[in-house]
Amino acid sequence: MAEGFSTGRKREDQEMNLKMSAVVVVHGGAWAIPDDLAKASVDGVKVAACEGFSVLRGGGSALDAVEAAVRTLEENTVFNAGHGAVLNADGEVELDAIIMDGRTLTSGAVSSVKNIANPVSLARAVMEKTSHIMLTSRGANLFAESIGMATVPTDTLVTEYERNEWEKHKNYLTEVMQDFNCQWAHDTVGAVSVDSAGNVACATSTGGIRNKMIGRVGDSSIIGSGGYADNFSGAVSCTGHGESILKVTLARLILSHIEQGKSVADSSQVSLQYMGERVRGAGGAIVVSPSGEWAATFTTERMAWAAVDQDVLWYGLDPNERSKEQLSQYIYNNPNNHFNIF
């Protein structure tokens, strides 16, 4: 009897260690999310966070978890990444993505790719199957073809809502840029994670800015700006006005503050505040440290985010909002999602 209790306690201790160290945080973009998209945005990031955590619970790495989480967001038409991406000045989809492994500092990125439903997976293929870090435009699509990655017709990535919005605003590029300065229209998806071995990873994916110039590349696919991961400090995924994020290399800036001893929350806040003061840019970031400390911070009106930490699902949308529910209860109430967590 005592032996059985001891074995059970050991198993419980092992499970608790995993619960304490494995964390996934996701965001669905920092911008002035309208009320009619609010619930769908929060629901979407909650599903993605649980999907990433399910990968960790199944023995996957942090790298596997962030890819799975971002793929879930890319497949959700609520978000500006993959399906649901915005259109450029010619009414075309051009997608950017990055993924990075904090254990080895290896990274893969793609920019201005077309007809790829999950650019984050193409970015991972660049990391693992080439000697490069980034492939762009035609070259990235040729690489996708060479490895047998499925392509999809562009029309399947474009929602009716986006087509209507593009038609409505295509002649107002100046207004679009003013919107950015007013904290509007910032939309990217991303994930960060730490696994039970203490490895961190990040991934970021976006369709960019509506009506952007053909070939425009923002921060999302640029190492150190849209994302960065290093086991010595942590992992970051950024969202917001890409040109502003590029100017201050936001992801690396946040980690530099962590390396100086600040908390992940303070490091994010100080860096976003600096970006606002220095280049008048607004945005957001999610961060996780190798010890499992995490934060979701933004200076826009709203940012949809969610995190799974120690069997608790945390989420928010508005400033200072930090709601939570037991992961088991969430899964019980959403049986159609089929999360493989317990």
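Between Leu63 and Glu67 there is no side-chain heavy-atom pair separated by less than 4.5 Å. Looking at heavy atoms from C-beta onward, Ile33 lies in side-chain contact with Leu317 at the 4.5 angstrom threshold. When side chains are defined from C-beta on, Trp305 does not count as touching Val26, because their heavy atoms never get closer than 4.5 Å. Side-chain contact between Thr136 and Val113: absent, with no pair of heavy atoms (C-beta onward) separated by less than 4.5 Å. Residues Leu56 and Val24 form a side-chain contact, since some pair of their non-hydrogen atoms from C-beta on lies under 4.5 Å apart.
By the neighbour-count criterion of 12 heavy atoms within 6.0 Å, atom CZ of Arg138 is sparsely surrounded, having that number or fewer from other residues, nucleotides or ligands. The local environment of CD in Gln260 is crowded, with over 12 non-hydrogen atoms from other residues, nucleotides or ligands closer than 6.0 Å. Under a cut-off of 6.0 angstrom, the local environment of CD in Glu145 is sparse, with at most 12 non-hydrogen atoms contributed by other residues, nucleotides or ligands.
In this structure a side-chain-to-backbone donor-acceptor pair under 3.5 Å is present from Ser107 to Ile99. For the pair Asp266 (side chain) and Lys262 (backbone), a donor-acceptor distance under 3.5 Å is absent. Ser323 places no side-chain N or O within 3.5 Å of a backbone atom of Gly316 that could act as its donor or acceptor partner. No donor-acceptor pair under 3.5 Å is formed between the side chain of Asp195 and the backbone N or O of Ser61. Looking only at distances, no side-chain donor or acceptor of Asp90 sits under 3.5 Å from a matching main-chain atom of Glu92. No side-chain donor-acceptor contact under 3.5 Å links Asp318 to the backbone of Arg302.
Defined by atom type and a distance below 3.5 Å, a donor-acceptor pair is missing between the side-chain atoms of Asp309 and Trp314. Using modelled atom types, one finds no donor on one side chain facing an acceptor on the other under 3.5 Å when comparing Asn88 with Asn211. Defined by atom type and a distance below 3.5 Å, a donor-acceptor pair is missing between the side-chain atoms of Thr77 and Thr159. Looking only at atom types and distance, the side chain of Gln273 has no donor-acceptor partner in the side chain of Thr299 under 3.5 Å away. No donor-acceptor contact under 3.5 angstrom links the side chains of Thr156 and His83, judged on distance only. Side-chain contact annotation: Thr154 with Asn115, donor-acceptor N/O pair under 3.5 Å present.
Under a 4.0 Å N-O distance rule, the pair Glu51/Lys46 does not qualify as a salt bridge. Ion pairing between Arg163 and Glu167 fails under the 4.0 Å rule for side-chain N and carboxylate O. Residues Asp230 and Arg252 are not paired through a salt bridge, judged by the lack of any N-O separation under 4.0 Å between the basic side chain and the carboxylate.
Under a hydrophobic-cluster definition in which Ile, Leu, Val, Met, Phe, Trp and Tyr are linked whenever side-chain heavy atoms come within less than 4.5 Å, directly or via other members, Val55 and Ile286 are assigned to different clusters. When the side chains of ILVMFWY residues are joined at heavy-atom separations under 4.5 Å, either directly or via intervening members, Leu255 and Ile98 end up in a single hydrophobic cluster. Transitive grouping of hydrophobic side chains (ILVMFWY, heavy atoms separated by less than 4.5 Å) keeps Ile254 and Leu246 in distinct clusters. When hydrophobic clusters are built by joining Ile, Leu, Val, Met, Phe, Trp and Tyr residues whose side-chain heavy atoms come closer than 4.5 Å, directly or via intermediates, Val93 is grouped together with Leu122. Hydrophobic cluster membership is shared by Val312 and Val288, with clusters built from Ile, Leu, Val, Met, Phe, Trp and Tyr side chains linked at under 4.5 angstrom.
Residue pairs meeting the salt bridge (charged side-chain N to carboxylate O under 4.0 Å, His left out) criterion with at least one partner in residues 196-206, sequence neighbours excluded, are absent.
Nearest heavy-atom pair, Val110 versus Ala140, reported as atom, atom and distance to 0.1 Å: CG1-CB, 4.3 Å. Taking each heavy atom of Val192 and Cys202 in turn, the nearest pair found is CG1-CB, 4.0 Å. Scanning both residues, Pro119 and Ile116, for their nearest heavy atoms gives CD-O, 3.6 Å. Taking each heavy atom of Met134 and Ser111 in turn, the nearest pair found is SD-OG, 4.1 Å. Across all their heavy atoms, Ala85 and Gly207 have their closest contact at CB-CA, 4.0 Å. In terms of heavy atoms, Ala251 sits closest to Tyr228 at CB-N, 3.9 Å.
Between atom CG of residue Leu73 and atom OG of residue Ser205 there is a gap of 8.5 Å, rounded to the nearest 0.5 Å. To the nearest 0.5 Å, the span separating OG on Ser328 from CG on Asp311 amounts to 7.0 Å. Residue Thr239 holds its OG1 atom at 10.5 Å from CH2 of Trp31, rounded to the nearest 0.5 Å. Atom CG of Leu105 is separated from atom CG of Asn231 by 8.0 Å, given to the nearest 0.5 angstrom. Distance check: Leu157 CG to Leu87 CG gives 10.0 Å after rounding to the nearest 0.5 Å.
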- Message: Between Val70 and Thr204, does the side-chain contact (heavy atoms from CB on, under 4.5 Å) criterion hold? Intermediate values first, please.
- Response: CA-CA 7 Å; Val70 169; Thr204 308; over 6 Å; no
- Query: Yes or no on side-chain contact (heavy atoms from CB on, under 4.5 Å) for Cys50 and Leu313, after CA distance, side-chain angles and deciding distance?
  - Reply: CA-CA 8 Å; Cys50 289; Leu313 174 62; 4.3 Å; yes
- Query: What do the steps show when you test Val45 against Val47 for side-chain contact (heavy atoms from CB on, under 4.5 Å), and what is the final call?
  - Reply: CA-CA 5 Å; Val45 292; Val47 170; over 6 Å; no
- Go through Phe143 and Val126 one step at a time and tell me if the side-chain contact (heavy atoms from CB on, under 4.5 Å) criterion holds. CA-CA 8 Å; Phe143 170 66; Val126 171; 3.7 Å; yes
- Report the C-alpha distance between Asp219 and Lys247 in whole Å, list the side-chain angles of each, state the deciding distance to 0.1 Å, and finish with yes or no for salt bridge (charged side-chain N to carboxylate O under 4.0 Å, His left out). CA-CA 9 Å; Asp219 69 289; Lys247 288 174 184 177; over 6 Å; no
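Among the candidates Glu162, Lys212, Glu165, the single residue satisfying the side-chain contact (heavy atoms from CB on, under 4.5 Å) test with Val86 is Glu162.
Partners of Asn118 by side chain to side chain donor-acceptor pair (under 3.5 Å), not counting sequence neighbours, listed by chain and number: Arg71, Glu74, Glu75.
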